[in-house]
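These notes concern the structure reproduced below.
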Amino acid sequence: MRFSKMLIPTLREIPADAEAISHILMVRAGYVRQLAAGLYIYLPLGLSIMRKITRILRDEMDAIGAQEIALPALHPAEIWQETGRWSVIGEEMFRLKDRTGRDMCLGMTHEEIMTWLAQKEIRSYRDLPQVWYQIQTKLRDEARPKSGVLRTREFLMKDSYSFDADEEGLEKNYQLHADAYHKIFSRCGLNFYMVQSDPGMMGGAVSHEFMAPSPSGEDEIVLCDSCGYAANVELALSNPKKIERKDWAFEEVHTPEKRTVAEVSNFLKINPEYFLKSLLLISEKGPVLAVVRGDQEMHEKKMNRIIGAHRPAQKQEVKDVLGVEAGFIGPMNQKIRIVADISLQEGVYASGANKQHYHAKGIRPGKDFTAEWHDITIAKEGDLCAGCNAPIRIEKVIEIGNIFKLGTKYSVPLNAFYLDEKGQEIPLIMGSYGIGPARIAAAAIEQNHDKDGIIWPKSIAPFDVVILPLNMNDAKTVETAETLYNDLNGKGLDVLLDDRDERAGVKFKDADLIGIPVQIVIGEKNLKDGLVEIKDRKTKEIQKVKVEEIVEKL
RNA sequence: CGGGGCGUAGCGCAGUCUGGUUUAGCGCACCUGCCUUGGGCGCAGGGGGUCGGAGGUUCGAAUCCUCUCGCCCCGACCA
């Protein structure tokens, strides 16, 4: 491809509305343009990246026996009503009516439609297993699109679905996908982890996410370097730092105007980890008191799984429900539901005394109050691994893929059954597996860039090599460039020839920005000795090579 | 949806607080010519704006007021 014939609108300056590195670089280097919030146009370079990525996806999916099909993006509501998700999913689903007034929606995922197809076409155990996939556009009315291509309202997804006769078959397909995903992300040149995750609205029991470390990521994962434990913080287990057991007797202490853990901790000269932090929540079924250790934070999602939707109580509600001002509440003698963090079953603590301007010391969980014990805290740096007690790490990550064991969550409501050897109707056992190619691209940039621009992994770069003839007015330079361009193209390489009549500086800057892994620099001086330079974008190493040896050096 | 920020030329910005010497300006990009050719050259000339939109206040509005639309960030939410 000739640079002069290709739409590569590079920008000298950082776009005002971009903050994430991948976003800045994709826009600056001319890969994408934004149409509206969460809607992106892929320019030729951007599309090229997506093609390279989806080629790898198809390659590895085909390798595990998955079959590519294509489903509509526009769905009738009925199918979604049958699984219940029409009402479970809120505003995130684009809904519309057709001309006859029939409810429709735009596909945000395709479990329903794939299961519908399976219900139609799979009859017998002899048909199983089946794995179907597609690479198709998903539409979600995201509350907050962000970070460029990382969270958009319309995006490409490779989604596959497995149908098995039993759990054993599912386990096999799940494992095949996990392996394929490892290969895919490795081939794309990414650093990533496979971590335990929360199935969320997808349902099902087991799920894992593939996470690429990046400061622009929206998720956090817990990692244990010692035993290899890796999980999304949404469900990660960890033990708070051990503390010594105090032998305080129960007593009430006057703590005038001291309300927060920090204030009381300072006032009483007791470290925060010896406090019980009580938070009043208002759930749909009434007030709930959540109790965590003073140095810990409650995790909304973990709590959500236990008590359902809830919100923090307002100051007045605290007084109305518990009879004492916020700041002095404690779990003792409460009539309402109490959910306490599981780490608090042991020990002796201080807390609000349920009395204005008083706190209590020497509280013994189990004796002075009872509670439902659950893991409700956010794992944090410095906590100990729940498995092996080594200190854990937390990393920010981009979710680039996920795999779910769905079981019969969709097959039962949609009547997707097969007949086994005995002629019995058995629901199909399903799994679903997703990868976002745009997130792969963004993660690749996040993980591979420098101050000059993108440094693409070779496997997904839009071109293998860029030729930079530095002076287009020098006949020898141009001739050499053209010859090389033809030769390398002939070898099957994707070559970009910067044939613009621009100064050398402009070409260097653009080449670095765009991030093609190899640059061939053709300058007059070297050419007098029959040499050109091969420059590595990543290491910046330059080797001078005889013109006729270029092809074999690449 | 709550909080914050921002909309002025293709891009990045100043001007807005304190309305009028600004005919709305600067850098880059763009067009013409010359020059130059190894890291976003140099010189000269030039084109491009309903100041997001609507309404209002005023002799006078990019600037003040009201409404509205859009984008970004934090949070809530999130297959």
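For the numbers below, each heavy atom of this structure counts, side chains included, while hydrogens, waters and symmetry mates do not. Proteins come first, then strands; the chains are lettered A, B, ... in the order of their sequence lines, and each starts at number 1.
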Task: For B/rG2, the Watson-Crick or wobble partner whose two distances fall under 3.5 Å - done: B/rC74
TODO: Considering only NZ, NE, NH1 and NH2 on the basic side and carboxylate oxygens on the acidic side, decide whether A/Arg305 and A/Asp198 come within less than 4.0 Å.
DONE: yes
Open item on the list: Can a side-chain donor-acceptor contact be found between A/His208 and A/Tyr174 if the only test is distance below 3.5 angstrom?
Closed with: yes
Open item on the list: Here's a test of your reading of the structure: between A/Thr10 and A/Gln34, which maps to the more 5' nucleotide of RNA chain B?
Closed with: A/Thr10
TODO: Mind calculating the distance between CG (A/Asp17) and P (B/rC11) to the nearest angstrom?
DONE: 10 Å
Task: Pair A/Asp452 + A/Lys540, salt bridge at N-O below 4.0 Å - done: yes
Open item on the list: If I pick the C1' atom on B/rG25 and the same atom on B/rG4, what distance separates them, to the nearest angstrom?
Closed with: 29 Å
Open item on the list: Under 3.5 Å for both donor-acceptor distances, Watson-Crick or wobble: does B/rG27 have a partner, and if so which one?
Closed with: B/rC11
Task: A/Lys405/A/Glu167 ion pair, N-O < 4.0 Å - done: no
- [ ] Could you say whether A/Phe155 or A/Gly38 is positioned toward the 5' end of RNA chain B, judged by the nucleotide with the nearest heavy atom to each?
- [x] A/Gly38
Open item on the list: Please classify the nucleic acid contact of A/Arg28 as base, sugar-phosphate, or nothing, using heavy-atom distances under 4.0 Å.
Closed with: base
Open item on the list: What's the closest nucleotide to the side chain of A/Arg12 if the choices are B/rC41, B/rG38, B/rC71?
Closed with: B/rC41
